[in-house]
Amino acid sequence: MEKPAKSDYTALGALGSLIGSFETHKTYAALVATAMQEISSMEPKARHLWECGTYLELDGEGRLIKSNLCRERWCPLCQWRRSLRVYGQVQQMLSWLTPQKYKYLHLVLTVPNCHGDDLKTLCDWLYRRSTAMFSDRLYSRRDQLATLAHCKRSFRGIVRALEVTYNSDTDLYHPHLHCLIAVKPSYFNNPADYFSQQKLSVLWTGYAAPSFGMKDGDLFVLHVRRVKDSERDNAVAEVAKYAVKPFHCDLDIDGYKHILPVLNRALAGRRMLQLYGVFADAARALKIDLNDDDEQGAGDGDTRKFSFIKGKYREVTK
């Protein structure tokens, strides 16, 4: 399945670039819908994707005022829009937290890859284990690893986001968590609070390695790094991006038919983003709900309207 090229809307300037992105993702949605309509359990969702985004109304700054977006989890157009919205919302929270002078970490928690039949169970496990780790409930006080477990004290706030990737060569899925973590400025100079990558890996893996077919003492892959001020936008983008991108897997129709039911069983109804600590405080203060898909607002002044006709967005002039 060949990926569509972006359309040329140079005459519309910046607005045209946005319309071109809408068109690209609308065409991706058609690719996914083609596969979904051949899966009996997902055929109704396929119809939603076909009908999604056929009408757009944008204000002069490119904000979406009205549309008929379907908001289905597997819709490339809706997930693209959601990732942009979440990116902006997390940036708002960071701005709200600026007076507290927090520093930030980007933490990626992984587990060994799994087959499709195990994906839902492994995603559940990821959520439970990371929640227990962040709340210092992963080990009992009598356990020797309990001395390492002080995430609740060290991590003042967390944005946790699930991502699932797929390897068509091995037919394995890779669920993992991207976490943006707020820490006090003293974190890096305070041995009592600081977590090295090795310490976090030991804490995260614990005694779980043998249950994944690994040797006792082997550690799960874990990445953690300090987010420099110049890198903050990239770190926010990691937690705001799509949870899964089936339309970027470069599969044929049979391939999409294979992975979509697996992803749907594992991720249906699941909250992909969770907030802890100061991020949750910021969201409440700013009245932000990262899982709310309603992005339409009231427009001021003139707007421009577009309809999707024969594979292109065309401006409605009357």
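In this structure Arg47 satisfies the salt bridge (Lys or Arg N to Asp or Glu O under 4.0 Å) test together with Glu43, sequence neighbours excluded. Residues satisfying the ring-ring contact (aromatic ring centres under 6.0 Å, His included) test with Phe308, not counting sequence neighbours, are Tyr313. In this structure His150 satisfies the side chain to side chain donor-acceptor pair (under 3.5 Å) test together with Arg153, Ser154, sequence neighbours excluded. Applying the side chain to side chain donor-acceptor pair (under 3.5 Å) test to Asp281 and every residue at least two apart in sequence or in another chain returns Arg284. Listed by chain and residue number, nothing satisfies the side chain to side chain donor-acceptor pair (under 3.5 Å) test with Ser201 (two or more places apart in sequence, or in another chain). For Lys45, the side chain to side chain donor-acceptor pair (under 3.5 Å) partners are Glu72, not counting sequence neighbours. Under the salt bridge (Lys or Arg N to Asp or Glu O under 4.0 Å) criterion, Asp229 pairs with Arg232, not counting sequence neighbours. Under the ring-ring contact (aromatic ring centres under 6.0 Å, His included) criterion, Tyr194 pairs with Tyr187, sequence neighbours left out. Residues satisfying the salt bridge (Lys or Arg N to Asp or Glu O under 4.0 Å) criterion with Lys120, sequence neighbours excluded, are Asp124. With sequence neighbours excluded, the residues that form a side-chain contact (heavy atoms from CB on, under 4.5 Å) with Val221 are Thr110, His223. Considering only residues two or more places apart in sequence or on other chains, Phe279 meets the ring-ring contact (aromatic ring centres under 6.0 Å, His included) condition with none of them.
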Derivation and outcome, side-chain contact (heavy atoms from CB on, under 4.5 Å), residues Leu290 and Arg271: CA-CA 10 Å; Leu290 295 182; Arg271 292 174 71 90; over 6 Å; no
Test log, rule salt bridge (charged side-chain N to carboxylate O under 4.0 Å, His left out), inputs Arg304 and Glu315: CA-CA 7 Å; Arg304 303 181 79 160; Glu315 188 165 9; 2.8 Å; yes
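Taking 4.5 Å as the limit, some side-chain heavy atom of Leu18 sits within range of a side-chain heavy atom of Leu58.
Summarising the local packing, NZ of Lys199 is surrounded by more than 12 heavy atoms from other residues, nucleotides or ligands at distances under 6.0 Å. Counting heavy atoms of neighbouring residues, nucleotides and ligands inside a 6.0 Å radius, atom CG of Asp216 does not exceed 12 of them.
Within the structure, the ring-ring contact (aromatic ring centres under 6.0 Å, His included) test picks out the following pairs touching residues 84-109 (sequence neighbours left out): His106-His178.
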